[in-house]
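Here is the structure we will look at.
Quick caveat: nothing in here was measured; it's all calculated off a predicted structure.
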2 protein chains.
Amino acid sequence: MQDLPLNQILCGECIETMRALPDGSMDCIFADPPYNLQLRGELRRPDESVVDGVDDAWDKFADYATYDNFTREWLAEARRLLTKDGTIWVIGSYHNVFRLGAIMQDLGFWILNDIVWRKANPMPNFRGRRFTNAHETLIWAARGPESKYRFNYQAMKALNDDVQMRSDWYLPLCTGNERLRNAHGLKLHPTQKPESLLHRVLIASTVVGDIVLDPFSGSGTTAAMAKRLGRHFVAIERHPDYIEAARARVEAETRLSDEQLAITPAKREIPRVPFGSFVEQGLLPAGTVLFDRQRRVSATVMPDGSLVSGAHRGSIHKMGAQLTGAPSCNGWTFWFFEREGEIVTLDILRTEQSRAPLLNVG
Amino acid sequence: MQDLPLNQILCGECIETMRALPDGSMDCIFADPPYNLQLRGELRRPDESVVDGVDDAWDKFADYATYDNFTREWLAEARRLLTKDGTIWVIGSYHNVFRLGAIMQDLGFWILNDIVWRKANPMPNFRGRRFTNAHETLIWAARGPESKYRFNYQAMKALNDDVQMRSDWYLPLCTGNERLRNAHGLKLHPTQKPESLLHRVLIASTVVGDIVLDPFSGSGTTAAMAKRLGRHFVAIERHPDYIEAARARVEAETRLSDEQLAITPAKREIPRVPFGSFVEQGLLPAGTVLFDRQRRVSATVMPDGSLVSGAHRGSIHKMGAQLTGAPSCNGWTFWFFEREGEIVTLDILRTEQSRAPLLNVG
DNA sequence: AGGAAAATTGAATCGTAAC
DNA sequence: GGTTACGATTCAATTTTCC
């Protein structure tokens, strides 16, 4: 672990570069391999604009056998690099994920979960010929059935408003300022993953100081999030433009403080804090008006900690779901309110609470 | 289609029984194959009660190769039985779905979507060692890449509050009265699928009168829902207890009325009416001036139903495309004209026509 | 400046009836 | 079966432009 090229983005072919790294040197691997999309013609939106699809050479394979051989090779190397108790995450779509999963099983990986990344804002199906392809799949696997892999259960539970994190994650695409762009203002990389996805992956399955490998680094999301979260990374990428941009991105990233990095202890569950306790304590007065990020819906806080909006009344979660028509809703992150002229998330109450243990309402 | 054992639950081994059915006889197939779950020992809840998992003999395979061979055999038969434009649905979990999907692709099936069934009430992860396994995956595939498969897009959109249906479906498990039970009140089948799931599958990909095959019929959900929705079924099951229960279940089921079975029709299935027929009937006089929404271009209606603008002459579609430089154009929604002081879309002619069948111009 | 309307965009395997 | 021409089809989130 001494001569590892830590916290670097290595330039080279993925398989070849992995071969130069020592056995059992990685605590975790995140891999976003080519999807082998096999797009045929150009696709237009109903307004006649052309969809900018993935037509890069790196996503072209002659046939399934060629793709499988490539997949088997890099996955075998990945398994060799993983520590005995390490885990690997591989992301894909229906075009390739079945081949990925089957080959992983054949190589001896032990699948722990398949995770569905439900996209908040997927591209629609413009021709009305299929269901909106609104998700991608992550396979999370241990090196083998006997691995004592790491899973930060309590941290995941805390991230999910104190109920077990499910295998379906609802996260937005990488857009706006987060998306890296070239000199012409066009997206640098066609498939840049959102930081929120890597954040959850790393928090779930690694600890501070762990070494994370990304064999298909691309725009460097894994590397950047590893640095932010106090993990080490080894990233591999072959395209010089991506490497240059990713290095600048990592450079600009700052590591969080140890305090911020202290995740929920795995031993015992932190007492769940009901929303109503904040109202009781006057930290959020009854009568306060909450609204969502877009200010499309609003509701008023009642003295018992319920929300009222029109004829509806319910918990912060129920009301968020009801007013948006969603099956469920995390009220802590859904609602916002105004405080000292600023708009703040409801979740700030819990954040501040955890830093001030004297106000324990457990 | 004459000697098919329609609307019966056949007793026998799945592959062998399929072999006796003729090529291209099934419009749709729904398959819920064994999951190859490799549960090591009993699973206990925190209160020490035993979780009633899948441990039936039919779900045991020696290794991946054995499972793959079985899978390849029944999927090959399924493909033979499918009509040219038929589709197949296969459901699985991370234990087996990657092998299913890869083999389907190898056999020539063309995947249309992978659908995530998000369970409203999944079993929690009692040990806290993984994410709650809260979904199963359905693979929806056509017989091949050139299939003109059926997808009732408008019906799915209507089911989803008029936004197109996504690839993630949120549906409850099969519980309560819907769950078949034996004489002891215990669940009859370990993996009985909810009727809502089959309802959506059948409404999405079949029409009234279609023939649906279920090679792993189990508790008969596919057969029951096919009968209710006016589809024919051929079901295969080898376990006598399941067959008996499923036959009684189907018997008790009633077919909905034709009225209740009417779904939102797709526009492309409504008979076409040539634009010229409206001119012939005088519903739109020759000489009428058409213009686009922004009144940027205009054209005059000729007696033969063509449009003229400057030196150009052509159909409503060709002219719309030509005058805007677009590669194609739907003239019906592109053009407007003035009627009784109001600006109306050209498409109003077809709308009014369909409401006044006496004006039949067929 | 501020608010409203318009434009942009995303890992996409995205026609078919009629002649 | 091949060819031609019709004509169906989009959601959410940002960002940019317009008033």
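- Using a 4.0 Å heavy-atom cutoff across all strands shown, B:I316 reaches no nucleic acid atom at all.
- Looking at A:E195 and A:R179, no side-chain N of the basic residue comes within less than 4.0 Å of a carboxylate O on the acidic one, giving no salt bridge.
- D:dT9 shows a glycosidic angle more than 90° from 0 and is accordingly assigned anti.
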**Q.** B/S/- contact track for nucleotides 12-19 of chain D, protein heavy atom under 4.0 Å
**A.** SSSS----
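- Taking the six-membered ring where the residue is Trp, A:F131 and B:W89 present perpendicular rings, their angle passing 60° and hence far from 30°.
- In the set C:dA11, D:dG7, C:dT13, C:dA11 carries the atom at the smallest distance from any side-chain atom of A:W58.
- In this structure the side chain of B:I111 never reaches within 4.5 angstrom of the side chain of A:H95, judged on heavy atoms.
- One interatomic measurement links the two molecules: NZ of B:K84 to P of D:dG1, which rounds to 8 Å at whole-angstrom precision.
- Remark: C1' of C:dT13 and NZ of A:K60 are 11 Å apart, rounded to the nearest angstrom.
- Counting only residues at least two apart or on different chains, the side-chain hydrogen bond (donor to acceptor under 3.5 Å, both in side chains) pairs with a member in residues 138-147 of chain B are B:T87-B:W140.
- Computed from coordinates, the A:D55 CG to C:dT13 C1' distance equals 14 Å when rounded to whole Å.
- If you check every strand for non-hydrogen atoms under 4.0 Å, A:W117 touches nothing.
- Residue pairs meeting the salt bridge (Lys or Arg N to Asp or Glu O under 4.0 Å) criterion with at least one partner in residues 268-279 of chain B, sequence neighbours excluded, are B:R150-B:E269.
- When the C1' atom is used for both C:dA7 and D:dT10, the distance is 14 Å, rounded to whole Å.
- Summarising the geometry, the separation between CG on A:N36 and C1' on C:dA11 is reported as 12 Å, rounded to the nearest angstrom.
- The existence of a salt bridge linking A:R45 and A:D47 is excluded, since no basic side-chain nitrogen approaches an acidic carboxylate oxygen closer than 4.0 Å.
- Closest contact between the side chain of B:Y153 and the listed nucleotides D:dT9, C:dA12, C:dA11 involves D:dT9.
- Of the residues in residues 298-315 of chain B, those placing a heavy atom less than 4.0 Å from an atom of DNA chain D are B:S315, in numerical order.
- For the residue pair A:D59 / A:Y35, no side-chain donor-acceptor distance below 3.5 Å is found, with atom types taken as modelled.
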Q) In dot-bracket notation, what is the pairing pattern of DNA chain D, taking Watson-Crick (N1-N3 plus N6-O4 or O6-N4) and G-U wobble (N1-O2 and O6-N3) contacts under 3.5 Å, with [ ] crossing and | for other strands? A) .|||||....|||||||||
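- Residues B:M302 and B:L307 fail the side-chain proximity criterion, which asks for heavy atoms closer than 4.5 Å.
- Atom CG of A:D52 is separated from atom P of D:dT10 by 22 Å (rounded to the nearest Å).
- Within residues 184-199 of chain A, no residue places a heavy atom under 4.0 Å from DNA chain D.
- If you check every strand for non-hydrogen atoms under 4.0 Å, A:D32 touches a base.
- Straight-line distance between the C1' atoms of C:dA17 and C:dT13: roughly 24 Å, to the nearest whole Å.
- Taking the side-chain hydrogen bond (donor to acceptor under 3.5 Å, both in side chains) definition, one finds that A:W335 meets it with nothing, sequence neighbours left out.
- Side-chain N/O atoms of B:H317 include none lying less than 4.0 angstrom from OP1 or OP2 on D:dC6.
- At a cut-off of 3.5 angstrom, the base of D:dG7 holds no donor-acceptor pair with the side chain of B:R350.
- The residue A:C174 sits apart from the nucleic acid: no heavy atom pair falls under 4.0 Å.
- Under 3.5 Å, the side chains of B:H135 and A:D114 contain a donor-acceptor pair of N or O atoms.
- For the residue pair A:S93/A:E136, the side-chain donor-acceptor check at 3.5 Å is not satisfied.
- The interatomic distance linking A:N96 (CG) with C:dA12 (P) rounds to 13 Å, in whole Å.
- Side-chain contact between B:M165 and B:R200: present, with at least one pair of heavy atoms (C-beta onward) separated by less than 4.5 Å.
- Straight-line distance from the CE atom of B:M165 to the P atom of D:dC11: 12 Å, rounded to whole Å.
- By the 4.0 Å N-to-carboxylate-O rule, B:K84 lies too far from B:D23 to be salt-bridged with it.
- For B:K157 and D:dT10, the shortest distance from a side-chain N or O to OP1 or OP2 is below 4.0 Å.
- Residue pairs meeting the salt bridge (Lys or Arg N to Asp or Glu O under 4.0 Å) criterion with at least one member in residues 320-336 of chain B: none, sequence neighbours excluded.
- Note on residues 302-320 of chain B: pairs passing salt bridge (Lys or Arg N to Asp or Glu O under 4.0 Å), not counting sequence neighbours, are B:D304-B:R313.
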Q: Sugar-phosphate atoms are those with a prime plus P, OP1 and OP2; base atoms are the rest. Using that split, label each nucleotide of nucleotides 14-19 of chain C B, S or - for protein heavy atoms under 4.0 Å, 5' to 3'.
A: BSSS--
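- With sequence neighbours left out, the side-chain hydrogen bond (donor to acceptor under 3.5 Å, both in side chains) criterion links B:R296 to B:Q294.
- Scanning for side-chain hydrogen bond (donor to acceptor under 3.5 Å, both in side chains) contacts around B:H317 gives an empty result, with sequence neighbours left out.
- Taking atom P on both D:dA8 and C:dA11, the two are 30 Å apart, rounded to the nearest angstrom.
- Look at CD on B:Q154: it is 7 Å from P on D:dT10, rounded to the nearest Å.
- Classification of the B:F98-A:F98 ring pair by plane angle, with boundaries at 30° and 60°, yields tilted.
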